[in-house]
Amino acid sequence: VTLELLAVASAEPEELPERTRCVRVGRLVAVVSDAVWGSPRGADDLWRRNAVVEDLMRSVTVLPARLGTQAADEEELRALLGAREDELLEALALVRGCVEVAVRVPVQPPEGEGGRAYIATRLVARARARELLGELEPLSVASQARTEGAEVRAAFLVSDDRLEDFRAAVERLGDGVTCTGPWAPYSFAGPR
Amino acid sequence: MKDLEHALSRRIEADPEKVEQGLAQLVLTLVELIRQIVERQALRRVEGGNLTDEEIERLGTTLMLLDERMTELREHFGFSEEDLNLQLGPLGTLL
């Protein structure tokens, strides 16, 4: 039997989602499933996991586990998490009372092709990423941004009580900037 | 270094059937890391403004080809960009 780790929580949740159980590891609570969730993995699996994580978030602080984090048994799970107890506790403290908001900004590639255009696109994307972080970082607890092709993808950890301010700031950034969430803190659950 | 170790170790599966896939992911993650560092340095040089047009064109073409090759390899092994993203804890996501 393989255990699949779904999330690491700060405490036992008031209500456990279906087909999950808790394993205590020191000061951490691992929420696991005894069956591996769906194989091959598709979009349905991801949404199902996301629903579990969101259920948990109603009563406790959680770090969603990376997809496919498995252990052979409870002993292995304890070893896996026990070795990183301190840093997971730190990550839990960081995300407490916060949600993740994803922001995407399209980058208009400059005219032309070839090497110069490639570099120009990269430079524009970098500038856009810096601009985005400049505007939104002050409203967030943590952030990360990267450029992917002609798009800047950023994730911000936003405190619940600043969510509205954050959304308003995103709107001020103008056309083409999209914002999704609130999500569980997927981008801030590391180092995983 | 501790963070790097964790970032890497989580990628290696205990299941023997998945070892090969895990190893490919580890290797590609490191190659991608190096590619990104090289690209970042190159962009800094361009921003510094000391390169001729011809040098920029050559540098850009090289970077573009590297990027394309990396995408091909990544897709060949069925990884997403996220899969090859190295988390370095307090340093944040490097890529």
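Below, read A as the first sequence line, B as the second, and so on, with proteins coming before strands; counting in each chain starts at 1.
A:L6 and A:M57 end up in the same hydrophobic cluster when Ile, Leu, Val, Met, Phe, Trp and Tyr side chains are linked at under 4.5 Å. Note on B:L33 and B:V38: separate hydrophobic clusters, where clusters join Ile, Leu, Val, Met, Phe, Trp and Tyr whose side-chain heavy atoms are under 4.5 Å apart, directly or indirectly. In the hydrophobic cluster analysis, where Ile, Leu, Val, Met, Phe, Trp and Tyr join through side-chain heavy atoms closer than 4.5 angstrom, A:L77 is grouped together with A:V8. Placement of A:V170 and A:V158 within a single hydrophobic cluster is found when ILVMFWY residues are connected by side-chain heavy-atom separations under 4.5 Å, directly or transitively. Criterion: ILVMFWY side-chain heavy atoms under 4.5 Å apart, direct or through other members. Under it, A:L5 and A:L89 are part of a common hydrophobic cluster.
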Check residues 161-168 of chain A and write down every donor-acceptor pair under 3.5 Å in which the side-chain atom is one partner and the other belongs to a residue at least two apart or another chain.
unit_1	atom_1	unit_2	atom_2	d
A:D161	OD1	A:S159	OG	2.5
A:R167	NH2	A:G181	O	3.2

Please report, to 0.1 Å, the donor-acceptor pairs under 3.5 Å made by any side chain of residues 91-108 of chain A, with sequence neighbours excluded.
unit_1	atom_1	unit_2	atom_2	d
A:E100	OE1	A:Y186	N	2.8
A:E100	OE1	A:S187	N	2.7
A:E100	OE1	A:S187	OG	3.4
A:E100	OE2	A:S187	OG	2.6

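Identified by a heavy-atom distance below 4.5 Å to chain A, the contributing residues of residues 42-52 of chain B are B:L43, B:R44, B:V46, B:E47, in residue-number order. Against chain B, the residues from residues 111-125 of chain A that qualify, each with a non-hydrogen atom under 4.5 angstrom away, are A:G114, A:G115, A:R116, A:Y118, A:I119, A:R122, A:L123 in number order.
Here B:T61 is the residue among B:T71, B:L65, B:T61 with the most heavy-atom pairs under 4.5 Å with chain A.
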